[in-house]
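Right, one structure below, let's go through it.
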Amino acid sequence: MGRLGPLGPANLAGHLRDLGRLYLLLGEREKAREHLRRAQEAEGHPLAALEARMLLAHLEEDAEALARLVAQAELLENPYLVERGKALLAGLRRDPGLLEGLPGFLPALARALLREDPALLPRAPRRGRRGSTGTPPATASCGRRKT
């Protein structure tokens, strides 16, 4: 199994997809393409591989392939991948109408970008404060809620 050892990661597709996304954010399109191609064929979670195929279709500006992948996500009834895919597809087609009725951060972000309207930018996802162990502050020390 090369550098990963005999066991390898449990979700290689997910790890490669994440690296591909990171390289996209850094503007390293060729490195992103390489990792996304590997992710779509790698062992691991099939939804991670599907997202990698979506990102790759978007990177290669293949709207038809991306539309087929969105339809696959709809058949799988996966709201995150439907929203992700439609946001990517709307960007490729320059069509904010594809986002009508879609809730969520990614469609809202795509809508704001396509309409060039900062007022439409979504709020950052809310996260509660957590202690250093990942538990809420009131339970971080002993596991019981302080009163």
Side-chain angles (χ1 to χ4, degrees), residues 1-4 7-140 145-146:
M1 187 120 205
R3 296 186 322 187
L4 297 175
L7 298 177
N11 186 9
L12 184 57
H15 296 302
L16 290 168
R17 178 221 39 220
D18 291 346
L19 284 170
R21 274 196 306 216
L22 176 64
Y23 282 121
L24 281 174
L25 289 171
L26 294 172
E28 301 268 348
R29 294 173 61 86
E30 288 309 312
K31 285 184 180 179
R33 182 176 282 115
E34 173 190 337
H35 285 83
L36 293 171
R37 281 189 178 138
R38 288 178 55 202
Q40 68 184 354
E41 302 298 328
E43 292 182 24
H45 202 288
L47 296 179
L50 176 57
E51 185 177 7
R53 286 192 296 276
M54 286 179 168
L55 292 166
L56 187 58
H58 181 263
L59 180 62
E60 294 176 348
E61 299 181 5
D62 188 346
E64 290 74 28
L66 185 52
R68 286 190 301 274
L69 295 167
V70 168
Q72 187 177 351
E74 289 173 328
L75 287 173
L76 295 170
E77 297 181 1
N78 186 292
Y80 167 77
L81 287 180
V82 171
E83 289 177 10
R84 166 67 110 177
K86 285 190 175 186
L88 293 170
L89 187 58
L92 271 184
R93 292 186 174 164
R94 309 285 308 154
D95 181 5
L98 293 172
L99 304 169
E100 291 303 317
L102 282 179
F105 182 82
L106 295 171
L109 180 61
R111 205 175 289 115
L113 290 170
L114 288 168
R115 293 188 175 144
E116 297 180 357
D117 186 352
L120 296 175
L121 284 171
R123 293 183 181 180
R126 293 181 59 133
R127 295 196 174 145
R129 288 184 44 207
R130 299 224 173 247
S132 63
T133 62
T135 59
T139 60
R145 190 166 290 282
K146 294 179 182 177

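Values in this document were obtained by computation on a predicted structure and should not be read as measured data.
- With values rounded to the nearest 0.5 angstrom, Arg84 atom CZ is found 5.0 Å from Glu51 atom CD.
- Taking each heavy atom of Leu99 and Pro107 in turn, the nearest pair found is CD1-O, 3.6 Å.
- The distance from atom CD of Glu60 to atom CG of Leu66, rounded to the nearest 0.5 Å, is 11.5 Å.
- When all heavy atoms are compared, the tightest approach of Leu92 to His58 is CG-CD2, 3.6 Å.
- In this structure, CG on Leu121 lies 8.0 Å from CG on Asp117, to the nearest 0.5 angstrom.
- The backbone N or O of Leu120 lies less than 3.5 Å from no partner atom in the side chain of Arg111, so there is not a single donor-acceptor pair.
- Using a 4.5 Å heavy-atom cutoff, the side chains of Lys86 and Val82 are in contact.
- To the nearest 0.5 Å, atom CD of residue Glu64 and atom CG of residue Leu89 are 9.0 Å apart.
- Residues Arg68 and Arg53 form no side-chain contact, since every pair of their non-hydrogen atoms from C-beta on lies 4.5 Å or further apart.
- Annotation: the span from Arg17 atom CZ to Leu55 atom CG amounts to 8.0 Å, rounded to 0.5 Å.
- Atom CG of Leu98 is separated from atom CG of Leu88 by 11.5 Å, given to the nearest 0.5 angstrom.
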Going through the distances and angles, do Leu50 and Leu76 end up as a side chain to side chain contact (heavy atoms under 4.5 Å, CB included)? CA-CA 11 Å; Leu50 176 57; Leu76 295 170; 3.9 Å; yes
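- With a 4.5 Å cut-off on side-chain heavy atoms, Glu83 and Pro103 count as touching.
- For the pair Leu24 and Leu36, the minimum side-chain heavy-atom distance is below 4.5 Å.
- Pairing each heavy atom of Tyr23 with each of His35, the nearest pair is CE1-CE1, 3.5 Å.
- Nearest heavy atoms, Asn11 versus His45: OD1-N, 2.9 Å.
- The minimum heavy-atom distance linking Met54 with Gly85 is given by the pair SD-CA, 3.8 Å.
- Taking every heavy atom of both residues into account, Ala57 and Leu69 meet most closely at CB-CD1, 4.2 Å.
- The shortest distance between side-chain heavy atoms of Arg37 and Glu41 does not fall below 4.5 Å.
- Using a cutoff of 4.0 Å between basic side-chain nitrogens and carboxylate oxygens, Glu34 and Lys31 are not scored as salt-bridged.
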